[in-house]
Participant: 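Here's a structure for you.
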Amino acid sequence: MCKTHVLSVPSAKAPFEKTTIERRELRPDDILIDIKFSGICHTDINNAYDEWGGGIFPMVPGHEIAGIVEAVGSEVTKFAIGDRVGVGCFVDSCGECEYCLKGEEQYCTKGAVQTYSSLDYDGNPTYGGYSQKIVVKEGFVIRIPDALELDEASPLLCAGITTYSPLKHWNAGPGKKVAIVGMGGLGHVAIQFAHAMGAEVTVLSRSANKQEEALSFGADHYFSTSDPGTFTELAGRFDLILNTVSANLDMDAYLSLLRVDGTLVNIGAPAEQSKYSVFSLLLGRRSLAGSLVGGIQETQEMLDFAAEHRVVPKIEVIHADQVGDAFERILRSDVRYRFVIDISTL
């Protein structure tokens, strides 16, 4: 067993504590990763506060992990000691169901094992990336291209694939008009991917003061949703709307912005239920959809695409003792745009 220092929360909404856990001994197909950086996702707050229920405590959050291979099991063939690697939102799946066989492990019918606050198939709780080391099966480790720095790559393991996957699935590209709702941790990455894919990109944000940054990320247009005239002006405009915010919206108002056969895809996850009128769908043959991260192969594809097109999150690197404050700042929307923990400070 490998002992490692971690940041954990003993119970819902409790302050972080520096503690020690044991990682399992390397199995033949395992990789031991020396974690260098771990991004903070809004999901970490949802889980640490147990807003969705079912949290496993004590909890070590973190599913945006970037580090260096420290050791490999006897049957590992894809990675070697010293390689730059990442780990995202899940660390195992059945490998046998139709979705795993298609490379969509996130939809595993047995249930993918989440990187933290989950039970592995042996019934042991998983602990995430707010940690100095982690042991992960080779098949769930991603290679980080040399063109990406480890700190800037870490948020891509969640924020990157969460936005890339639906943009690709719903064919964002030349000739398509795509709107990104929200310009936070997810939104500012989504803008860059949609632009790199060749779509015409519009940002819809409550704030009126982020236009210059939105354009710098690759947006073609920017509209404030606090202006009632926005929804009249943009009615029937978009082929695809990607909703990145974790708050309830007036879904009927946003659905009205879609063209016939347009789709609104939710990737943010508010704690409260959303409401909409079915007529918002019927009258334009519109679709309301959701998307959950992406599979391992697609995550590697996303990182390679990000490296080629220089799609990188804008980050603020913090020390381990600043994580509690970072959670509070995220809830106040006081971050542009993603916190990353320097694990060497743990």
Side-chain angles (χ1 to χ4, degrees), residues 7 33-44 61-69 79 82-89 115 128-132 134 136 141-165 167-168 180 182-197 201 210 212-219 244 267 293-294 296 298-320 322-323 326-327 329-330 334-346:
L7 277 180
I33 300 170
D34 181 19
I35 300 175
K36 300 300 183 183
F37 297 96
S38 186
I40 296 179
C41 176
H42 200 288
T43 300
D44 297 345
H63 57 206
E64 297 179 344
I65 300 166
I68 304 295
V69 175
F79 298 95
D83 284 351
R84 307 164 78 251
V85 295
V87 178
C89 298
T115 304
Y130 296 9
S131 169
Q132 291 179 327
I134 192 170
V136 182
V141 176
I142 315 295
R143 186 177 303 278
I144 296 177
D146 290 339
L148 296 173
E149 298 295 335
L150 290 179
D151 55 357
E152 66 188 10
S154 66
L156 294 175
L157 275 303
C158 177
I161 188 59
T162 297
T163 54
Y164 179 89
S165 184
L167 288 169
K168 178 188 173 187
I180 308 298
M183 209 178 84
L186 291 174
H188 86 291
V189 177
I191 297 165
Q192 296 177 68
F193 276 129
H195 172 74
M197 291 174 178
V201 185
K210 293 184 179 180
E212 186 175 338
E213 277 190 294
L215 298 179
S216 74
F217 292 134
T244 72
I267 56 175
V293 294
I296 298 302
E298 189 174 46
T299 303
Q300 185 66 67
E301 175 188 304
M302 175 274 304
L303 280 181
D304 294 340
F305 184 93
E308 179 182 356
H309 295 275
R310 194 55 191 165
V311 174
V312 292
K314 188 173 182 179
I315 63 173
E316 180 178 337
V317 178
I318 62 171
H319 288 189
Q322 296 175 293
V323 172
F327 273 29
R329 285 181 56 190
I330 291 171
D334 180 24
V335 54
R336 288 191 177 179
Y337 284 91
R338 207 75 174 183
F339 285 119
V340 173
I341 308 166
D342 180 351
I343 297 298
S344 70
T345 64
L346 179 58

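Just the heavy atoms: all of them, side chains too, but no hydrogens, waters or symmetry mates, feed the values below.
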Participant: Lys314: which residues meet the side chain to side chain contact (heavy atoms under 4.5 Å, CB included) condition with it, sequence neighbours left out?
Facilitator: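 For Lys314, the residues satisfying side chain to side chain contact (heavy atoms under 4.5 Å, CB included) (neighbours in sequence not counted) are His188, Glu213, Phe217, Tyr337.
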
Participant: A side-chain contact here means heavy atoms from C-beta on lying under 4.5 Å apart; do Lys168 and Phe193 qualify?
Facilitator: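 Side-chain contact under 4.5 Å: no.
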
Participant: State, to 0.1 Å, how close Ile191 and Ala214 come at their nearest heavy-atom pair, and which atoms those are.
Facilitator: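 Heavy-atom minimum between the residues: CG2-O, 4.1 Å.
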
Participant: When you measure from the side chain of Gln192 to the backbone N and O of Gly218, does any donor-acceptor pair fall under 3.5 Å?
Facilitator: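 No; judged by distance alone, with no hydrogens or angles, the pair does not exist.
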
Participant: Where is the tightest heavy-atom contact between Leu148 and Val311, given as atom of each residue plus distance?
Facilitator: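 Looking at all heavy atoms of both residues, the closest pair is CD2-O, 4.4 Å.
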
Participant: Measure the spacing between CD1 of Ile343 and NZ of Lys36 and express it to the nearest 0.5 Å.
Facilitator: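 One gets 10.5 Å once the value is rounded to the nearest 0.5 Å.
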
Participant: Can any side-chain N or O of Thr115 pair as donor or acceptor with the backbone N or O of Gly128 at less than 3.5 Å?
Facilitator: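 Not at all, since once roles are kept as given, no pair shorter than 3.5 Å links the two residues.
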
Participant: Testing the basics here: between Thr345 and Ala320, what is the closest heavy-atom pair and its distance to 0.1 Å?
Facilitator: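 For Thr345 and Ala320, the tightest heavy-atom pair comes out as OG1-N, 2.8 Å.
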
Participant: With rounding to the nearest 0.5 Å, note down the distance linking NE2 in His63 to CD1 in Ile134.
Facilitator: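 So the gap between those two atoms works out to 12.0 Å.
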
Participant: When rounded to the nearest 0.5 angstrom, what distance separates CD1 in Ile33 from CD in Gln132?
Facilitator: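 Rounded to the nearest 0.5 Å, the CD1-CD separation comes to 14.5 Å.
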
Participant: Please lay out, stage by stage, how Leu157 and Ile65 fare under the test side-chain contact (heavy atoms from CB on, under 4.5 Å).
Facilitator: CA-CA 7 Å; Leu157 275 303; Ile65 300 166; over 6 Å; no

Participant: Check whether any side-chain heavy atom of Thr299 lies under 4.5 Å from a side-chain heavy atom of Met302, and answer yes or no.
Facilitator: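 With C-beta onward as the side chain, the pair touches.
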
Participant: Can you name the one residue among Asp83, Ile144, Leu150, Ile35 that meets side chain to side chain contact (heavy atoms under 4.5 Å, CB included) with Ile68?
Facilitator: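 Among the candidates, only Leu150 passes.
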
Participant: For residues 145-163, which residue pairs pass the side-chain hydrogen bond (donor to acceptor under 3.5 Å, both in side chains) check, not counting sequence neighbours?
Facilitator: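 Matches after skipping sequence neighbours: Glu152-Arg310.
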
Participant: For Ser344, check side-chain hydrogen bond (donor to acceptor under 3.5 Å, both in side chains) against everything at least two apart and list the hits.
Facilitator: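 So Ser344 forms a side-chain hydrogen bond (donor to acceptor under 3.5 Å, both in side chains) with Asp342.
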
Participant: Measure across Val293 and Cys89 and return the closest heavy-atom pair with its distance rounded to 0.1 Å.
Facilitator: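 Where Val293 meets Cys89 most closely, the heavy atoms are CG1-SG, 3.6 Å.
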
Participant: For Glu301 and Tyr164, what are the C-alpha separation, side-chain angles and deciding distance, and is it a side chain to side chain donor-acceptor pair (under 3.5 Å)?
Facilitator: CA-CA 10 Å; Glu301 175 188 304; Tyr164 179 89; 2.5 Å; yes

Participant: Measuring from Ser38:OG to Asp44:CG, what's the distance to the nearest 0.5 Å?
Facilitator: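 Result: 7.0 Å between the selected atoms.
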
Participant: Applying side-chain hydrogen bond (donor to acceptor under 3.5 Å, both in side chains), name anything that partners Gln300, two or more places apart in sequence or on another chain.
Facilitator: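 Gln300: side-chain hydrogen bond (donor to acceptor under 3.5 Å, both in side chains) contacts with Asp304.
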
Participant: Ile40 and Ile318: side-chain contact (heavy atoms from CB on, under 4.5 Å), yes or no, with the steps?
Facilitator: CA-CA 10 Å; Ile40 296 179; Ile318 62 171; 3.9 Å; yes

Participant: Is the shortest side-chain heavy-atom distance between Ile161 and Glu298 below 4.5 Å?
Facilitator: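 In short, these two side chains touch, coming nearer than 4.5 Å.
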
Participant: Do you know the tightest heavy-atom contact between Ser165 and Gly294?
Facilitator: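 Heavy atoms of Ser165 and Gly294 come nearest at OG-CA, 4.2 Å.
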
Participant: So with a 6.0 Å cut-off around NE2 of His195, is the heavy-atom count from everything else above 12?
Facilitator: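 Atom NE2 in His195 is not crowded, with 12 or fewer foreign heavy atoms closer than 6.0 Å.
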
Participant: Output yes when a side-chain donor or acceptor of Arg338 lies under 3.5 Å from a complementary backbone atom of Leu156, and no otherwise.
Facilitator: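 No, Arg338 side chain to Leu156 backbone: no donor-acceptor pair under 3.5 Å.
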
Participant: Say you draw a straight line from CZ of Arg336 to CE of Met183; how long is it, rounded to the nearest 0.5 Å?
Facilitator: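 Arg336 atom CZ to Met183 atom CE measures 6.5 Å (nearest 0.5 Å).
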
Participant: Tell me, please, which residues at least two apart from Arg329 pass side-chain hydrogen bond (donor to acceptor under 3.5 Å, both in side chains).
Facilitator: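 With neighbours one apart ignored, the set is Glu316, Asp334.
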
Participant: Please name all residues satisfying side-chain hydrogen bond (donor to acceptor under 3.5 Å, both in side chains) with Lys210, sequence neighbours left out, ordered by chain then number.
Facilitator: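 Lys210 satisfies side-chain hydrogen bond (donor to acceptor under 3.5 Å, both in side chains) with no residue once adjacent residues are dropped.
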
Participant: Do the side chains of Ile315 and Pro155 get nearer than 4.5 Å, heavy atoms only?
Facilitator: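 Of all side-chain heavy-atom pairs linking Ile315 with Pro155, at least one is under 4.5 Å.
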
Participant: Got a second to check how far Glu64's CD is from Cys41's SG, nearest 0.5 Å?
Facilitator: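 If we round to the nearest 0.5 Å, Glu64:CD and Cys41:SG are 5.0 Å apart.
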
Participant: Among Ile330, Leu186, Thr244, whose side chain to side chain contact (heavy atoms under 4.5 Å, CB included) with His42 holds?
Facilitator: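 It is Ile330; the other options fail the test.
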
